[in-house]
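The basis for the numbers below is simple: all heavy atoms, side chains too, and nothing from hydrogens, waters or symmetry mates. Fair warning: this is a prediction, and the values are worked out from it, not measured in the lab. Here is the naming used below: chain letters follow the sequence lines, and residue numbers restart at 1 for every chain.
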Amino acid sequence: MSLPLRRYGERAALAEVDSAVQAAELAEWARVAARSGRLHVDEIVPAAATVLFDGVDVGRLRALLGGWRPRSATVAGAFVEVPVRFDGPDLADVARRWRVSEDEVVGRLTSYELMSAFCGFAPGFAYLAGLPEELAVPRLSSPREWVEPGSVGLAGSWCGIYPSASPGGWRIVGHTEMVLWDVDREPPALLAPGTRVVLRPC
Amino acid sequence: MLTVLAVGPQVLVQDRGRIGYAHLGVPRAGALDAPAADLGNRLVGNDPDAAVLEILLGGLSVRAERACWVSVTGAASPVTVDGVAAAHGEAVRLRAGAVLALGRPVAGTRSYLAVGGGIDIAPVLGSRSTDTLAGIGPAPVAVGDRLPVGADSGVPAALDTPRPPLRGAIRVLPGPHREWFGADVLDRLAGAGWRVAAASNRVGLRLEGGTLARIAGELPSEGTVLGAVQVPPDGRPVVLLADHGSTGGYPVAGVVHADDLWQLAQARPGERVTLRALPPASG
């Protein structure tokens with residue numbers, strides 16, 4: 001099996017995968033190859049259905065990726081329990097969309113083990129995979145101008161937590177006091193790709 | 001130590017940027033006209049990764065609190081030392097207490113002030129660069145700032161200053177999403193008469209004067225690269241510059257060649273931008 005690879009200018013390429021979880025697995029596998037000197041690359045960026053390799057010899061990357069198989073790597077990231085106060089402005093709206101009570105929304109959101117598939121939008125903003133597709137909710141039709149740091153939101157079947165104040169279109173169900181982004185911490189992102197996450201009511 | 005006496009529209013500390021954090025959502029940042037910043041560092045005997053000041057449209061005035069070597073490169077701002085004209089693109093010795101000032105450049109937008117020893121503020125995630133998108137790194141330079149300078153490496157060696165690169169058409173390589181635009185997308189990009197839009201900044205250079213037809217829809221978020229020509233639904237291309245977000249959801253029509261990005265760093269709003277299609281690279 002060879003992975004579809006799209007050239008992205010002279011020194012970059014996008015590898016296409018089936019899912020965000022598979023992207024996180026491929027990124028982790030490639031990071032191990034980079035650490036052991038088998039791949040020279042500036043950035044490995046997993047996303048929803050691709051992994052970007054930037055600052056790379058694309059021919060060599062293609063040869064290396066020939067050795068990858070789905071589930072070649074399992075992502076055994078850190079485990080983080082996030083205490084959440086479920087009092088977000090969109091909690092009632094999400095309950096209506098799911099046709100359950102607000103307590104049941106909390107019950108469901110805290111019953112899944114989520115995984116940080118990738119970060120984007122802002123430093124440390126993790127796209128958490130693991131909610132079933134039938135719980136998907138659309139983004140707000142008009143984004144809020146200001147979302148407070150620590151806000152826990154839903155968009156599609158993603159869950160995400162805003163590390164810093166910003167505009168945002170995710171449906172906010174709660175809030176955490178945890179610090180998601182700290183440049184003096186290694187890694188600075190609490191929920192770096194591969195991290196397993198459980199929301200806990202508080 | 002440099003004491004900042006005046007600033008123009010924007011003065012930022014920049015080096016070669018933050019590498020290796022894109023997967024955490026961190027923009028790379030770094031000097032927009034990298035060859036000009038590199039040249040400035042070489043002129044004063046610095047390592048290439050020393051931090052410099054990036055000055056948008058002049059207006060900077062600094063006092064050297066101890067003697068040091070400096071150089072001004074990039075956009076040709078008139079340079080004065082204690083009111084007397086000084087050279088652009090050469091190492092200049094400032095005595096302790098001397099005041100260096102940059103006027104408004106006649107062409108180009110960004111000048112670079114390199115100082116022997118480099119601007120020695122504490123790095124954040126391996127870089128001293130200010131990222132204007134996410135706010136990582138030092139705050140923009142402001143009047144009254146006292147900027148620490150690293151240890152001088154002595155009298156700079158004589159340097160054969162390369163002739164400034166000729167300006168010309170900006171080369172564009174194929175991007176990853178040809179099916180969103182059609183097979184002739186690079187030729188259409190190259191055939192249009194683009195101008196630099198006023199809303200351009202370090203995050204992206206916006207092109208106006210035409211639109212690039214694309215199919216409707218949304219792309220799942222994916223990693224983006226410096227120089228990517230993103231096309232939002234309105235068809236007006238945006239070339240991603242150093243402070244671009246690490247992921248994006250717009251299809252990419254092409255990628256500006258790395259060696260030509262400096263020209264975009266120096267382009268002024270309203271100026272024409274001519275693009276030239278390059279064939280796909282091998283491999």
Side-chain angles (χ1 to χ4, degrees), chain A residues 5-16 20 23-24 27 31 34 41-63 116-127 156 158 163-164 166 181 183-184 186-194, chain B residues 16-28 122-127 131 133-137 171-179 218-229 240 244-249 251-261 278-283:
Chain A
L5 199 59
R6 291 172 176 244
R7 283 208 71 120
Y8 200 151
E10 202 169 39
R11 300 263 302 151
L14 281 170
E16 294 182 277
R31 225 171 273 288
V41 63
D42 286 341
E43 305 284 359
I44 300 171
V45 189
T50 56
V51 178
L52 170 70
F53 296 88
D54 191 10
V56 75
D57 179 309
V58 177
R60 288 184 188 188
L61 173 68
R62 197 182 295 279
S116 167
F118 64 98
C119 290
F121 174 63
F125 186 101
Y127 285 71
W158 298 107
S164 49
S166 74
W181 177 255
V183 292
D184 295 323
E186 182 50 42
L190 179 68
L191 309 180
Chain B
R16 290 185 154 186
R18 246 164 231 109
I19 310 288
Y21 293 96
H23 65 293
L24 301 182
V26 175
R28 178 171 299 188
V124 177
L125 301 179
S127 165
D131 134 50
L133 182 71
I136 297 172
R171 293 163 291 172
V172 184
L173 292 146
H177 303 128
R178 194 177 296 198
E179 72 279 9
E218 238 177 271
L219 187 70
S221 287
E222 64 181 32
T224 54
V225 306
L226 183 62
V229 183
L240 300 185
H244 71 88
S246 59
T247 60
V252 170
V255 182
V256 171
H257 195 289
D259 291 347
D260 294 345
L261 284 167
L278 280 188
S282 57

**Q.** Interchain contact, His257(B) with chain A, by part (heavy-atom threshold 4.5 Å)
**A.** side chain
Q. Going from NE2 on His177(B) to CD on Glu222(B), what distance comes out if it is rounded to the nearest 0.5 angstrom?
A. 3.5 Å
Q: Identify which part of Ile44(A) has an atom lying under 4.5 Å from any heavy atom of chain B, answering side chain, backbone, both or neither.
A: backbone
Q: Please report the shortest heavy-atom distance between Ala22(B) and Val45(A), naming the atom on each side.
A: CB-CG2, 3.7 Å
Q. Looking at Leu278(B), Val26(B), Val172(B), Ile19(B), which has the largest count of heavy-atom pairs under 4.5 Å with chain A?
A. Ile19(B)
Q | Side chain, backbone, both or neither of Ile136(B) within contact of chain A (heavy atoms, under 4.5 Å) | A | side chain
Q. Looking at Pro46(A), Ser166(A), Ala192(A), Ala122(A), which one has more heavy-atom pairs under 4.5 Å with chain B than the rest?
A. Ala122(A)
Q | Side-chain heavy atoms of His23(B) within contact of Arg31(A), under 4.5 Å | A | yes
Under 3.5 Å, which donor-acceptor pairs link side chains of residues 48-60 of chain A to any protein atom two or more places apart or in another chain?
from: Asp57(A); atom 1: OD1; to: Gly59(A); atom 2: N; distance (Å): 3.0
from: Asp57(A); atom 1: OD1; to: Arg60(A); atom 2: N; distance (Å): 3.0

Q | Proximal component of Val124(B), with respect to chain A [non-hydrogen, under 4.5 Å] | A | side chain
**Q.** Toward chain A, the part of Val252(B) with a non-hydrogen atom under 4.5 Å
**A.** side chain
Q.
If I measure from the heavy atoms of chain A, does Leu24(B) come under 4.5 Å with its side chain, its backbone, both, or neither?
A. both
Q: Fit a plane to each ring of Trp158(A) and Tyr127(A), take the angle between them on a 0 to 90° scale, and name the class: parallel (under 30°), tilted (30 to 60°) or perpendicular (over 60°).
A: perpendicular
Q) Just wondering, do Arg16(B) and Arg28(B) contact through their side chains at under 4.5 Å, heavy atoms? A) no
Q) Does Ser221(B) use its side chain to pair, donor to acceptor, with the backbone of Ala47(A) at less than 3.5 Å? A) no
Q | Contacting region of Arg18(B) [heavy-atom separation from chain A under 4.5 Å] | A | backbone
